[in-house]
Amino acid sequence: MSSFLDWEVDLLQSLMELRVSFVDTIVKIINFTGEVTFFTILLPIIYWLVSKRVGFQLAIVLFVSYYVNVFLKDLFEWSRPFIMHADRIKPLVDQGGYTFPSGHSQHSFAVWAFLASVIRRRSFTIFAILMIIAVGFSRLYSGVHFPKDVLFGWFLGAVIVLITSLIIRNQLLSTLSNRICLAIAIIIPIVLLPLYHGVTNGRLDQEGAYQASGLLAFSILGYVWEREKVNFSISKSWVQKVIACVIGLIGIILIKEGFKLFLPEEAIADFFRYGMIGLWTIAIAPRVFVKLRLAATNR
């Protein structure tokens with residue numbers, strides 16, 4: 001194990017010595033494309049503008065990946081390279097939390113591989129592969145992850161996509177009754193949050209566990225509400241699409257930042273704050289679009 005770790009550190013140090021300002025800037029941009037923040041912007045755009053079905057399925061993929069990653073990081077509590085080897089590794093970007101597995105790598109693999117499995121076009125598949133590799137490399141180049149963090153992140157992303165694709169292929173979500181979906185939404189925090197607190201050794205990112213659980217639970221609630229009461233159809237007008245997208249994203253920002261003004265700085269507050277983001281994205285925003293005639297309804 002020691003020689004393997006030495007090899008990892010040697011690789012990171014070699015990459016660090018190749019840094020130049022132009023490449024550093026590009027790597028920082030690529031780093032952003034692997035963040036949950038980036039995907040929570042991409043997800044509603046797909047849901048509101050491209051495909052409801054794919055958008056909701058992507059939400060499940062991303063939010064499951066988010067919870068699994070936070071859970072494992074706080075379970076293993078492995079320090080980042082620039083902390084373990086401060087004399088040799090200097091980080092390119094500010095990064096807190098634990099190192100294993102790489103969340104950026106895991107989420108990127110899960111999202112892009114899932115979209116590639118849905119779109120099934122060679123050009124997009126190549127793009128997805130390049131994005132996955134680029135994000136993984138950016139984490140090594142930035143000195144914030146060991147190679148094993150990236151590799152295991154890719155492995156987890158692949159597992160999540162395989163399981164989710166199996167569920168989707170069998171149309172399990174669409175065949176479940178509203179009552180069962182509501183039961184699942186209620187069970188999610190009851191199971192996931194005690195599991196996190198009962199198993200993990202650390203609490204460094206418990207906010208992330210609460211955020212992921214809230215997003216999952218309320219997105220499923222939103223799915224039931226939208227399916228039963230809204231059932232919107234995406235407009236064919238790009239003007240209407242752009243206006244709807246702007247309104248929707250403003251709503252996400254207002255919920256994310258505005259709720260901080262009156263909610264306490266506790267993890268449970270993050271559960272409800274991010275839960276409302278999921279509910280807004282899946283159900284409330286589409287209802288607003290229908291009311292403003294930016295989208296039609298199939299009811």
Side-chain angles (χ1 to χ4, degrees), residues 26 28-63 66 107-108 110-128 130-131 134-135 168 173-174 214-216 218-261 273-299:
I26 295 176
K28 289 178 181 178
I29 295 173
I30 295 174
N31 266 308
F32 175 70
T33 67
E35 293 180 4
V36 172
T37 301
F38 171 78
F39 291 122
T40 52
I41 296 173
L42 176 66
L43 188 158
I45 291 176
I46 293 175
Y47 182 75
W48 296 331
L49 274 63
V50 182
S51 169
K52 286 171 53 179
R53 178 181 59 84
V54 174
F56 178 71
Q57 292 169 352
L58 181 61
I60 301 302
V61 171
L62 177 60
F63 301 152
Y66 188 19
H107 305 328
S108 294
V111 169
W112 294 120
F114 171 76
L115 290 176
S117 71
V118 172
I119 297 173
R120 295 185 180 182
R121 292 182 182 175
R122 183 179 179 182
S123 58
F124 187 85
T125 299
I126 293 173
F127 170 77
L130 291 176
M131 287 299 298
V135 170
I168 292 169
L173 288 174
S174 60
L215 284 165
L216 266 172
F218 280 78
S219 291
I220 295 175
L221 288 176
Y223 172 75
V224 173
W225 181 13
E226 196 282 327
R227 182 170 67 175
E228 185 70 19
K229 300 296 184 181
V230 184
N231 196 15
F232 84 106
S233 60
I234 299 171
S235 173
K236 295 181 179 179
S237 167
W238 276 102
V239 173
Q240 292 179 326
K241 285 183 178 182
V242 171
I243 295 173
C245 188
V246 170
I247 293 173
L249 292 177
I250 289 175
I252 290 177
I253 294 172
L254 291 176
I255 294 172
K256 186 174 185 295
E257 302 301 327
F259 277 36
K260 292 180 181 180
L261 299 177
R273 186 161 60 96
Y274 277 76
M276 284 305 301
I277 291 175
L279 188 62
W280 165 265
T281 299
I282 302 300
I284 300 176
R287 186 174 182 84
V288 172
F289 301 159
V290 170
K291 291 291 185 181
L292 295 177
R293 298 185 177 180
L294 298 172
T297 178
N298 294 318
R299 291 185 64 229

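Between Ile45 and Val50 there is no side-chain heavy-atom pair separated by less than 4.5 Å. The closest side-chain heavy-atom distance from Ile277 to Thr40 is not below 4.5 Å. Considering only heavy atoms from C-beta on, Tyr47 comes within 4.5 Å of Pro286 through its side chain.
In this structure, Ile234 and Lys52 approach most closely via the heavy-atom pair CD1-N, 4.0 Å. Nearest approach of Phe39 to Pro44, heavy atoms of both residues: O-CD, 4.4 Å. Taking every heavy atom of both residues into account, Ser108 and Gly34 meet most closely at OG-CA, 3.6 Å. Residues Ala283 and Gly222 share a closest heavy-atom pair of CB-O, 3.4 Å. Residues Ser233 and Ala295 come closest through the heavy atom pair O-CB, 3.5 Å. Looking at every heavy atom in both residues, Val54 comes nearest to Phe114 through O-CE2, 4.1 Å.
With sequence neighbours excluded, no residue forms a salt bridge (Lys or Arg N to Asp or Glu O under 4.0 Å) with Lys241. Looking at residues two or more places apart in sequence or on another chain, you find a side-chain hydrogen bond (donor to acceptor under 3.5 Å, both in side chains) between Lys260 and Glu257. Shown here are the ring-ring contact (aromatic ring centres under 6.0 Å, His included) partners of Phe63, two or more places apart in sequence or in another chain: there are none. Tyr274 meets the side-chain hydrogen bond (donor to acceptor under 3.5 Å, both in side chains) test with no other residue; sequence neighbours excluded. Partners of Phe38 according to the side-chain contact (heavy atoms from CB on, under 4.5 Å) rule, which considers only residues two or more places apart in sequence or in another chain, are Phe32, Thr33, Leu42, Trp112. Evaluation of the side-chain contact (heavy atoms from CB on, under 4.5 Å) rule for Ile243 yields Val239, Ile247, Leu294 as partners, not counting sequence neighbours. Shown here are the side-chain contact (heavy atoms from CB on, under 4.5 Å) partners of Ala134, two or more places apart in sequence or in another chain: Ile30. Evaluation of the side-chain contact (heavy atoms from CB on, under 4.5 Å) rule for Leu130 yields Ile126 as partners, not counting sequence neighbours. With sequence neighbours excluded, no residue forms a ring-ring contact (aromatic ring centres under 6.0 Å, His included) with Tyr66.
The main-chain N or O of Arg293 is found under 3.5 Å from a side-chain atom of Gln240 such that the two form a donor-acceptor pair. Looking at Thr297, its side chain does come within 3.5 Å of a backbone N or O of Val230 through a donor-acceptor pair. Of the possible donor and acceptor atoms, none in the side chain of Trp225 sits under 3.5 Å from a partner among the backbone N and O of Ile284.
How far CD1 of Ile119 is from CZ of Phe124: 3.5 Å, rounded to the nearest 0.5 Å. To the nearest 0.5 Å, atom CG of residue Leu279 and atom CD of residue Glu226 are 11.5 Å apart. In this structure, Ile252 CD1 and Thr281 OG1 are separated by 3.5 Å, a value rounded to the nearest 0.5 Å. Put simply, OG on Ser219 and CG on Leu62 are 9.5 Å apart, with the number rounded to the nearest 0.5 Å. Note that CZ of Phe289 is 5.0 Å distant from CH2 of Trp48, once rounded to the nearest 0.5 Å. The line from CG of Leu249 to CG of Leu254 is 11.0 Å long, rounded to the nearest 0.5 Å.
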- Steps toward side chain to side chain contact (heavy atoms under 4.5 Å, CB included) verdict (Trp238, Leu49): CA-CA 9 Å; Trp238 276 102; Leu49 274 63; 4.1 Å; yes

- Applying side chain to side chain contact (heavy atoms under 4.5 Å, CB included), run through Val118 and Leu58 and close with a yes or a no. CA-CA 10 Å; Val118 172; Leu58 181 61; over 6 Å; no

